[in-house]
2 protein chains.
Amino acid sequence: MGKGQQTREAILDSAAILASRIGLEGLSIGLLATALNMSKSGLFAHFGSKEALQLETLRAAQQRFAEKVFGPALAAARGEARMRALFDNWIAWLQDSGLPGGCIMLGAVAEYDDRPGAIHDALVAGFSELRGAIAKSVRIAIDEGHLRADTDPWQFAFEMFGIVLATSHDWRLHGDPRALQHARTAFAQLLSRHAQHA
Amino acid sequence: MGKGQQTREAILDSAAILASRIGLEGLSIGLLATALNMSKSGLFAHFGSKEALQLETLRAAQQRFAEKVFGPALAAARGEARMRALFDNWIAWLQDSGLPGGCIMLGAVAEYDDRPGAIHDALVAGFSELRGAIAKSVRIAIDEGHLRADTDPWQFAFEMFGIVLATSHDWRLHGDPRALQHARTAFAQLLSRHAQHA
DNA sequence: AATATTATAAAACGATCGTTCGTTTTATTT
DNA sequence: AAATAAAACGAACGATCGTTTTATAATATT
């Protein structure tokens with residue numbers, strides 16, 4: 001790996017920390033350069049525009065989510081076990097994504113849900129893919145006979161997502177540790193509500 | 001009402017529109033002044049600081065939420081009917097809060113959940129109060145014999161909040177109208193899961 | 001070791017930020 | 001109608017924003 005690629009990754013690591021705290025929009029090249037003991041222009045040259053830096057930061061966050069949450073869940077057995085793993089990993093991700101300011105993507109949604117552009121598009125694509133992957137895991141659980149056949153995968157994914165969002169809210173805004181128990185309880189009931197009983 | 005109060009309210013109306021689109025932080029006095037055909041300094045004098053303007057904008061949004069969502073629900077009969085009214089009003093609020101950029105408070109949470117200060121405190125207070133009010137409405141429904149006695153009001157409020165958050169997400173980021181149906185289905189099942197059967 | 005390429009730096013750009021300062025215009029009250 | 005207070009203005013402040021230009025230092029390639 002060349003020197004350029006090396007600093008580029010260091011920049012993106014630092015950018016993720018900053019973006020998690022102040023958002024993708026608030027991410028400033030000046031602050032980022034100071035944090036890295038670099039010049040603004042030297043840093044800037046790596047990306048060519050702020051939007052490119054934001055996009056790369058977002059892309060890196062999406063990739064890390066895939067690695068830490070989705071990837072490990074694929075190691076679990078098809079069906080209910082995998083869904084439980086996915087949920088557990090996701091909740092763990094909320095508590096510690098390795099960043100001080102919480103999930104970059106959830107933060108970016110609030111900023112860019114109504115601002116057209118490349119970042120908006122990347123968010124839509126990412127969350128659509130995520131929701132689709134959840135729905136798919138539901139379908140697999142149905143096929144495996146773990147969930148009832150009349151379970152609506154999209155409805156299930158919607159409710160699961162809601163549990164995650166509420167957990168994130170309570171955990172981040174209120175620092176409420178009960179959120180984790182609430183989440184576990186809610187998901188257990190969501191699962192049992194659609195469970196295929198023998 | 002004096003002239004000052006009059007323009008002050010016009011400013012806050014315009015500020016709500018801007019803040020809903022670009023966030024409380026992105027709310028700029030220059031843009032706001034331009035939108036109102038005022039001078040920056042003239043506008044600024046009404047509040048004395050940007051943070052004061054942000055706080056007033058937030059406070060106005062909280063008040064409008066109370067008027068449009070919570071207040072009307074109190075007109076419904078105690079218990080389940082009131083909870084349904086609250087939920088319906090809330091979902092309607094997500095679709096049209098009168099602002100082009102969605103709920104200001106939900107947006108502000110993403111910006112200020114980890115930034116200490118007066119805005120953070122106002123958000124914590126507001127959402128705590130909201131959650132407490134939901135829990136209270138659950139307790140009333142239990143007392144009225146509509147919900148089972150072993151229903152945990154906080155758990156219920158958590159799940160209800162999650163449904164709202166997921167609805168907001170799908171509606172705003174994806175513009176997905178199915179979100180409304182998903183929300184209704186989820187809430188109906190949440191209610192029936194805790195329903196006290198005769 | 002010499003050369004070509006890449007990476008970083010320094011300085012400056014115009015724009016906008018929140019804020020302050022006098023001053024002037026507009027309302028309100030006497 | 002005169003006196004007073006409130007409100008809005010225009011200009012400027014220092015700071016920071018993203019970006020561009022020009023130049024130097026470090027790295028890779030031959």
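Not measured: the values here are computed from a predicted model. Side chains included, hydrogens not; waters and symmetry mates left out as well; all remaining heavy atoms used. Proteins get letters first, then strands, A, B, ... in listed order; numbering begins at 1 in each.
- Distances shown here put a side-chain N or O of B:H46 below 4.0 Å from the OP1 or OP2 atom of D:dA8.
- With DNA chain D read from its 5' end, the first of the two nearest nucleotides for B:G42 and A:F44 is the one closest to B:G42.
- For the pair A:L43 CG and D:dC17 P, the computed distance is 12 Å after rounding to whole Å.
- Checked against a 6.0 Å centroid threshold, the rings of B:H194 and B:H146 do not count as neighbours.
- When the P atom of C:dA7 is taken as reference, atom CD of A:Q5 falls 9 Å away, rounded to whole Å.
- Judged by atom type and distance alone, B:S41 does not reach the base of D:dA8 through any side-chain donor-acceptor pair under 3.5 Å.
- The base of C:dA10 lies outside donor-acceptor range of the side chain of A:S39, with no N or O pair under 3.5 Å.
- Residues B:T185 and B:Q181 bring a donor and an acceptor atom of their side chains to less than 3.5 Å of each other.
- At whole-Å resolution of the value, CD in A:Q6 and C1' in D:dA28 are 15 Å apart.
- The 12-atom threshold is not exceeded at CZ of B:R178, counting heavy atoms of other residues, nucleotides or ligands nearer than 6.0 Å.
- Of the inter-residue distances, the one linking B:L12 atom CG with B:I17 atom CD1 reads 11.5 Å to the nearest 0.5 angstrom.
- A:A45 comes within 4.0 angstrom of a base, heavy atoms only.
- Spacing between atom CZ of B:F47 and atom C1' of C:dT20 amounts to 18 Å, rounded to whole angstrom units.
- OP1 and OP2 of D:dA7 both lie 4.0 Å or more from every side-chain N or O belonging to B:K3.
- Contact annotation: side chain of B:K40 to base of C:dG18, donor-acceptor pair present below 3.5 Å.
- Proximity of residues 7-37 of chain B to DNA chain D (heavy atom under 4.0 angstrom from any strand atom) is restricted to B:T7, B:N37.
- No donor-acceptor contact under 3.5 angstrom links the side chains of A:Q5 and A:E9, judged on distance only.
- Other residues, nucleotides and ligands place more than 12 heavy atoms under 6.0 Å from the CZ atom of A:R193.
- Take A:W171 and apply the ring pair (Phe, Tyr, Trp, His ring centres under 6.0 Å) test, not counting sequence neighbours, and it matches no residue.
- Taking atom NZ of residue B:K50 and atom P of nucleotide D:dT16, one finds them 15 Å apart after rounding to whole Å.
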